Amino acid sequence: MASNGNGKHSNLGMEWKSNTRWAGITRPYTVQDVERLRGSLQIEHTVARHGAERLWELLQSESYVPALGAMTGNQAVQQVKAGLKAIYVSGWQVAADANNAGQMYPDQSLYPADSVPNLCRRINQALMRADQIHHAEGQNGVQWFAPLIADAEAGFGGNLNAFELMKAMIEAGAACVHFEDQLSSAKKCGHLGGKVLVPTVEAIQKLVAARLAADVMGVPTLIMARTDADSAHLLTSDVDPRDREFLTGERTPEGFYGIRGGIQSAIARAIAYAPYCDLIWCETSHPDLEEARQFAEAVHAKFPGKMLAYNCSPSFNWKQKLDDATIARFQTELAEMGYRFQFITLAGFHALNLGMFELARGYKLTGMTAYSRLQEKEFSREYLHGYEAVKHQRFVGTGYFDAVTQVIAGGTSSVTALAGSTETEQFAEMKPQLRPKSGPDAGCQPILGDCPHPEAMVQLQGTEPGPEESLMPSGD
């Protein structure tokens with residue numbers, strides 16, 4: 001047993017050897033290394049630990065774990081309320097509209113390195129508030145603390161940067177963090193050109209740095225290795241023999257080496273990374289089940305059961321590439337291949353922008369009719385599916401802080417906020433919404449089989465939409 005530096009003994013070595021959580025994981029360092037680096041006081045990271053343990057449990061018990069990218073705390077709350085069990089935190093979305101610099105950037109690691117940890121923190125705080133509100137009301141049916149899978153990009157520097165970034169992610173409550181094998185100073189979105197890979201050995205060292213950081217923090221955070229080798233054509237150095245078979249012999253003006261990208265290059269890197277990570281993600285350029293199968297079979301031939309991840313990216317034109325039947329079965333087929341985590345990276349960005357564009361265009365054309373229509377849709381979602389944000393005062397915690405006020409005042413406060421509000425007066429007793437047979441909202445109503453209150457779904461005679469109405473959203 002190793003001493004942990006404060007007179008107590010650690011069972012860490014036994015944990016690594018006996019716990020199936022660590023089966024197949026290589027650590028090129030010792031228990032003594034971890035204990036020496038921990039310091040004398042072990043800090044607890046409850047949210048990160050809960051998320052990591054929950055995510056691991058889901059990955060073992062579900063056929064696959066689906067997730068959407070969230071760029072605000074409220075988006076994360078809606079995802080959990082709607083039934084999703086995990087949340088993706090995208091660096092692309094942080095670059096676009098959720099970074100500490102307050103800038104709109106492309107996905108090129110231009111934002112401050114602590115921006116993704118800070119978004120993780122905001123998301124977890126929003127989920128915590130939702131949990132507090134519901135718990136105070138005696139509603140405990142939702143697991144609000146969904147695990148966050150967060151984007152560390154290429155680590156924002158070298159191995160020490162990756163080590164510190166991983167620690168920041170854990171402090172912010174991330175359950176899983178992914179690192180990619182690009183050169184951080186030239187990092188690009190996986191669906192852009194000009195990507196430069198680092199040698200395989202350097203990418204492995206960043207994965208080791210991340211694992212060491214998690215061990216030092218005492219949290220079983222999952223690590224996902226992403227390779228961009230499928231579509232990258234440049235390499236910083238030929239120092240690693242594993243990379244040499246893909247060299248083209250060309251050099252660029254910057255001194256980079258030309259390489260042959262493609263699925264074989266991605267497979268070679270995935271196999272090299274597998275001992276150092278919990279999941280592997282191959283960034284692809286198009287949705288292709290056969291290519292996904294080729295990758296999975298090659299990895300599993302060397303590492304049976306290794307969990308894989310797949311980015312169902314908004315950068316793909318899905319209807320152009322696949323027919324409706326293939327789109328419908330795409331994720332279940334991926335799951336059968338071992339892709340246990342499947343996510344839509346930029347879902348928050350696209351939902352936010354399209355939703356606001358459609359409201360703004362409708363508002364320009366029809367004024368308050370457009371907003372009233374949106375509100376009616378919110379009321380119907382509340383009644384049929386438990387959507388809660390229509391009562392926005394309660395949603396953000398006004399009633400919760402009223403309860404705090406009353407506890408402090410011994411139940412005698414006359415300055416509570418929700419009582420006497422317009423929300424209490426006008427939103428308390430909402431009648432079931434009716435379903436029009438035609439018009440702009442007809443297509444966005446649930447069918448009777450999905451409705452927990454079919455008596456509410458009364459068919460109304462409608463009129464054909466006018467030119468302005470046809471511009472309003474007709475779906476979710």
Side-chain angles (χ1 to χ4, degrees), residues 1-56 113-114 116-118 120-121 124 147-181 184 198-226 239-240 272-280:
M1 250 184 240
S3 170
N4 62 11
N6 59 9
K8 298 181 181 179
H9 291 283
S10 167
N11 292 316
L12 192 56
M14 184 72 70
E15 164 78 7
W16 292 352
K17 291 179 181 178
S18 62
N19 192 333
T20 56
R21 165 68 180 85
W22 306 116
I25 297 298
T26 296
R27 289 175 167 89
Y29 51 81
T30 67
V31 171
Q32 289 75 21
D33 291 328
V34 173
E35 297 289 3
R36 186 175 67 254
L37 295 172
R38 275 186 172 177
S40 61
L41 180 64
Q42 189 67 40
I43 307 299
E44 293 295 328
H45 300 284
T46 306
V47 175
R49 174 177 291 280
H50 170 83
E53 292 173 349
R54 173 67 174 153
L55 180 58
W56 182 260
D114 60 346
V116 172
N118 282 341
C120 288
R121 187 173 292 108
N124 275 321
L148 309 187
I149 296 85
D151 185 354
E153 303 208 348
F156 287 83
N159 296 336
L160 294 182
N161 301 84
F163 179 82
E164 286 296 295
L165 179 56
M166 185 68 172
K167 287 170 59 182
M169 293 286 200
I170 292 170
E171 289 171 344
C176 174
V177 182
H178 68 75
F179 290 81
E180 62 203 50
D181 53 6
S184 63
V198 298
T200 296
V201 64
E202 183 176 335
I204 290 173
Q205 287 178 354
K206 285 189 177 175
L207 298 175
V208 172
R211 182 74 70 193
L212 178 62
D215 286 339
V216 168
M217 303 286 272
V219 179
T221 312
L222 283 77
I223 295 171
M224 186 188 304
R226 166 177 144 178
V239 66
D240 194 319
Y273 302 158
Y276 306 96
C277 63
D278 300 293
L279 299 101
I280 302 172

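Treat the numbers as computed from the prediction; the structure is a model and nothing was measured. We use all heavy atoms of the structure for the numbers below, so side chains are in, but hydrogens, waters and symmetry mates are not. The chain is numbered in sequence order, starting from 1.
Listed by chain and number, the residues in a side-chain hydrogen bond (donor to acceptor under 3.5 Å, both in side chains) with Asp240 are Arg242 (sequence neighbours excluded). Listed by chain and residue number, Arg27 satisfy the salt bridge (Lys or Arg N to Asp or Glu O under 4.0 Å) test with Asp215 (two or more places apart in sequence, or in another chain). Legend: residues meeting salt bridge (Lys or Arg N to Asp or Glu O under 4.0 Å) with Arg211, ordered by chain and number and at least two apart, are Asp278. Residues satisfying the salt bridge (Lys or Arg N to Asp or Glu O under 4.0 Å) test with Arg49, not counting sequence neighbours, are Glu53.
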Practice problem: Check the pair Arg121 / Asn124 against side chain to side chain donor-acceptor pair (under 3.5 Å), numbers first and verdict last. | Solution: CA-CA 5 Å; Arg121 187 173 292 108; Asn124 275 321; over 6 Å; no

Exercise. Decide side-chain contact (heavy atoms from CB on, under 4.5 Å) for Ile223 and Tyr276; before the verdict, give the C-alpha distance in whole Å, the side-chain angles of both, and the deciding distance to 0.1 Å.
Key: CA-CA 8 Å; Ile223 295 171; Tyr276 306 96; over 6 Å; no

Quiz item: Would Asn159 and Lys206 count as a side-chain contact (heavy atoms from CB on, under 4.5 Å) if you check the C-alpha gap in whole Å, the side-chain angles of each, and the deciding distance to 0.1 Å?
Solution: CA-CA 5 Å; Asn159 296 336; Lys206 285 189 177 175; 3.5 Å; yes

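To the nearest 0.5 Å, the span separating CE on Met217 from CG on Leu37 amounts to 12.5 Å. Taken to the nearest 0.5 Å, the OG atom of Ser184 stands 11.5 Å off from the CZ atom of Phe179. Rounding to the nearest 0.5 Å places CD1 of Ile25 at 6.5 Å from SG of Cys277. Rounded to the nearest 0.5 angstrom, His50 NE2 and Leu55 CG are separated by 10.5 Å. Between the CD atom of Glu180 and the CZ atom of Arg226 there is a distance of 4.0 Å, given to the nearest 0.5 Å.
Ala272 approaches Thr200 most closely through the heavy-atom pair CB-CG2, 3.6 Å. Heavy-atom minimum distance, Thr221 versus Met166: CG2-CE, 3.6 Å. Taking both residues in full, the closest heavy atoms of Val198 and Ala203 are given as CG2-N, 3.9 Å, listed atom of the first, atom of the second, then distance. Nearest heavy-atom pair across Trp16 and Trp22 is O-CB, 3.7 Å. Heavy atoms only, all atoms of each residue included: Arg38 and Gly218 are closest at NH2-CA, 3.6 Å. Contact between Ile149 and Pro147 at its shortest, heavy atoms only, is CD1-O, 3.8 Å.
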Which atom pairs, donor and acceptor, lie under 3.5 Å between side-chain atoms of residues 168-175 and protein residues at least two apart or in another chain?
none

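There is a side-chain donor-acceptor pair under 3.5 Å between Glu15 and Asn19.
Contacts classified as salt bridge (Lys or Arg N to Asp or Glu O under 4.0 Å) and involving residues 151-165 (residues at least two apart or in different chains) are given here: Glu164-Lys167.
Inter-residue side-chain proximity for Val177 and Leu165 is flagged as unmet; no heavy-atom pair is nearer than 4.5 Å. Residues Ile204 and Tyr273 have side chains in contact (heavy-atom distance under 4.5 Å, counting atoms from C-beta outward).
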